[in-house]
Amino acid sequence: MGAISGIYMFGSDTNAAPAGSSIFGKLKAYSFNRTGEWVDQSVHLGCGILYNTPESKMEELPRCNDNGALVITADAIIDNRAELLEQFNLQPGDPAVVTDSELIIRAYETWGHACPGHLIGDYAFAIWDIGKQELFIARDAMGSRTLYYTCEDGYFSFCTVEKPLLGLFGKRAELDEKWITDFLSIDGIQHELECEGTVYRGISQLPPAHYGIVNAMGLVKKRYWEPLRDIKPIVFGSDEEYVEAFNRCFSEAVSCRLRSLGETGIFLSGGMDSGSIASVAAPQLADKGKKLYGFTSVPVPGFSEQPSGTAIYNESREVELIAQAYPNIDITYGSFAEKNCLTDADELLRIFEQPYKIFQNMTWYHSFLKMAAKRNCTVMLNGQTGNSTISYGNFGVQLATLYRKGRIAAAAREIYEFSKLANAPVRKVLKSAIPVVMPYRLKVWKNRRQLREFDRFENMVVKRSLIQKWDVISGLDRIGANTPISRFPDYEEDRKSRTSPLPFAHIGAVETKLSLANGITIRDPSRDKRVFEFCMAIPSEQFVRNGQDRYLLRRAMKGILPDPIRLNIRTKGLQSADWIYRLAPQWPEVLDEAERVLEQGDLEPYVDKDKLREKLAKASRDINKNEENLIRSIVITVIFSRFIAAFNPTPEVVK
């Protein structure tokens, strides 16, 4: 894998080399093991390759196919290799090695524009058809790799990252007001309300599960995979068959992601997702005489706050259980005591190319990637999507589903069984269940006075005029954000949310850019398309049964994941619980920085300065005397202001 770029200039009298070389030249800011360029009169393609799989060392990209009719550049790891090798009558060692780009080009030769539907893995690629004078671009179904593009009069350009596309042909780089308005409006960690836009005007993102066809007429996009349409129900005759089928699928997804040229690492918490991945991966690596390097975040020394409710702040005890069960797991615990959520902010702004809100976990996440790369890990596993796939199972969703289907007796049984598991009185559980099954309109009516007084943007400093200009409220309603009343979906409603491309695009952008910056590829078995389809296809009762959530994974991991983790229903890990404690020494400086940017005027087009001024007046210089929402709001404003200050609209002129 690595990164790709390209430009297609329309018309007969064109020279793509200068602009293409400019784009690819900026891409070379990353450290690649190999780079390559291909150019003819109207097209320039570039590729930077990272050696992360054994086959990647054999890649020479961009390159032509055997008959010279097609040219490919690709950022890809293909996971259904065995299936494709058989399909194309190839052997794994034929001739020397079959690269992933070779599988892609053969898929295109076989299925044409339908080829992405036959490819499973993490990829973005472009194929230039010389005869048709047509460029074909595609992004994987789960959006694990990014592909940004510009489509202007006279040319189409694309790249794995955004900034190389800025300033072409002397065009002034500008920020996108709508994207920034959405970013500043969402009260949560989401960055955007739509998955195609970016912070830069004129630069778009090819959505997950889409391909594009580019010719002299411009770009035509098509979605080649729609989960709610394409995933067909799976029905077996017994619970055991579901578990067996899941384990086959999940084991294959993990195995594919162990195809690492160097060592393999994993972000390892004490929960079920990464714990299950580690427990399946470790024996497979042990058979090859290899270790699995685990990286676990722990609170900074001196943080003594005790968790409330069911949270766990330090998951080292649970992680040790996994390490004891699988001795080839080598655990590194990191607190990174010298860091807080703003220590690496300027570096992360350069990496992400945009303002960001995921600052709490970046203290350790980014640091562990650097550490893993130094230990020769070329692949880093995580279980980012596990809650929507392998460990899915929401008791509230199942309760709402049964109630709305009129299965009152079944819902009552679930409440009774849950009360036994939780050792809680049935009356208490029933009281908690009432808001879950209550119709949303009724809840709105009951809380009508509260709603009249509620400000959806209380925690945000975005300009009110921009909210109205860009109809932000419709977008917030679409994703259910910034609302005081919880909407409890039934299974089908929740399934629709779980299949939305928006979170996939968000995660894909974060992971692709962090992977490039650190020379290590982040991969998630819980986001494997086959695993995703399986988990979306089986009945809801496989995920919640007898009052127990995560029912499928608890059964599937029996004898694999240590029981104290597998059977735990009481507690849940909370990483970065110490983020405010870490920030405390620097907090007065953060407030001072926010005061300065308030007066400088850079934020004037986007931020309600009176609102920000009120927040700063309310903020205590003792961080512990502030509400968390206030701290978050000020930190986000500081990060955003640093992005604005660093943005340079001066174009690089390319003729």
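Numbering of residues begins at 1 and proceeds along the displayed sequence. The basis for the numbers below is simple: all heavy atoms, side chains too, and nothing from hydrogens, waters or symmetry mates.
Under the 6.0 Å cut-off for aromatic ring centres, Y8 and F10 qualify, their centroids lying closer than that.
With salt bridges taken as basic N to acidic carboxylate O contacts below 4.0 Å, one links E511 and R527. Salt bridge status for K609 with E599: absent, with no side-chain N to carboxylate O gap under 4.0 Å. Using a cutoff of 4.0 Å between basic side-chain nitrogens and carboxylate oxygens, R259 and D100 are scored as salt-bridged. In summary, E177 and K463 do not engage in a salt bridge, as defined by a charged side-chain N under 4.0 Å from a carboxylate O. Under the 4.0 Å criterion applied to side-chain N and carboxylate O atoms, E338 and R582 are not assigned as salt-bridge partners.
Distance check, rounded to the nearest 0.5 Å: CZ of R257 to CG of D524 gives 7.0 Å. The CD1 atom of I49 lies 4.5 Å from the CG atom of L61; values are rounded to the nearest 0.5 Å. Going from atom CZ of F183 over to atom CD1 of I639 covers 7.5 Å, rounded to the nearest 0.5 Å. Atom CG of L50 sits about 10.5 Å away from atom OG1 of T53, to the nearest 0.5 Å. To the nearest 0.5 angstrom, I636 atom CD1 is 5.0 Å from M460 atom CE. Within the model, atoms NZ of K529 and CZ of F532 stand 10.0 Å from one another, a figure rounded to the nearest 0.5 Å.
A distance-only check finds a donor-acceptor pair linking the side chain of E353 to the backbone of E162 [under 3.5 Å]. Of the possible donor and acceptor atoms, one in the side chain of S526 sits under 3.5 Å from a partner among the backbone N and O of G386. Judged by distance alone, with hydrogens and angles left aside, the side-chain atoms of R145 form a donor-acceptor pair with the main-chain N or O of G2 at under 3.5 Å. N482 contributes no side-chain N or O that, together with a main-chain N or O of I186, makes up a donor-acceptor pair within less than 3.5 Å. At least one donor-acceptor pair under 3.5 Å links the side chain of N65 to the backbone N or O of A69. When atom types are taken as modelled, the side chain of N80 and the backbone of E83 share no donor-acceptor pair closer than 3.5 angstrom. K178 places no side-chain N or O within donor-acceptor distance of the main-chain N or O of V472, the cut-off being under 3.5 Å. At distances below 3.5 Å, not a single donor-acceptor pair connects side-chain atoms of T99 with backbone N or O atoms of M58.
In the model, S576 has a side-chain atom that pairs as donor or acceptor with a side-chain atom of W364 under 3.5 Å. Looking at T378 and S260, their side chains do bring a donor and an acceptor atom within 3.5 Å of each other. A donor atom on one side chain and an acceptor atom on the other are not found under 3.5 Å apart for D79 and Y123. Between R223 and Y211, the side chains place no donor N or O within less than 3.5 Å of an acceptor N or O (distance only, hydrogens not considered). A donor-acceptor pair shorter than 3.5 Å cannot be found between the side chains of T521 and S515. Counting only N and O atoms by type, the side chains of S101 and E59 include a donor and acceptor under 3.5 Å apart. A donor-acceptor contact closer than 3.5 angstrom links the side chains of E37 and H44. At a cut-off of 3.5 Å, with distance as the only test, no side-chain donor of H210 or Q205 sits close to an acceptor on the other residue. Donor-acceptor pairing under 3.5 Å is lacking for the side chains of T146 and R139.
Taking both residues in full, the closest heavy atoms of F504 and P208 are given as CB-CG, 4.3 Å, listed atom of the first, atom of the second, then distance.
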Next on the checklist: Checking E593 against R642 for the salt bridge (charged side-chain N to carboxylate O under 4.0 Å, His left out) test, could you report, in this order, the C-alpha distance in whole Å, the side-chain angles of both residues, the deciding distance, and whether it holds?
Outcome noted: CA-CA 10 Å; E593 182 175 352; R642 291 190 187 183; 2.8 Å; yes

Checklist entry - Stepwise, does the ring-ring contact (aromatic ring centres under 6.0 Å, His included) test hold for Y108 with F136? => result CA-CA 10 Å; Y108 185 83; F136 180 81; 5.4 Å; yes

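The only option from K339, K370, H366 that meets the side-chain hydrogen bond (donor to acceptor under 3.5 Å, both in side chains) definition with D344 turns out to be K339. Put simply, the residue from L369, N361, I277, D273 that forms a side chain to side chain contact (heavy atoms under 4.5 Å, CB included) with F267 is L369.
Considering only heavy atoms from C-beta on, L175 comes within 4.5 Å of I644 through its side chain.
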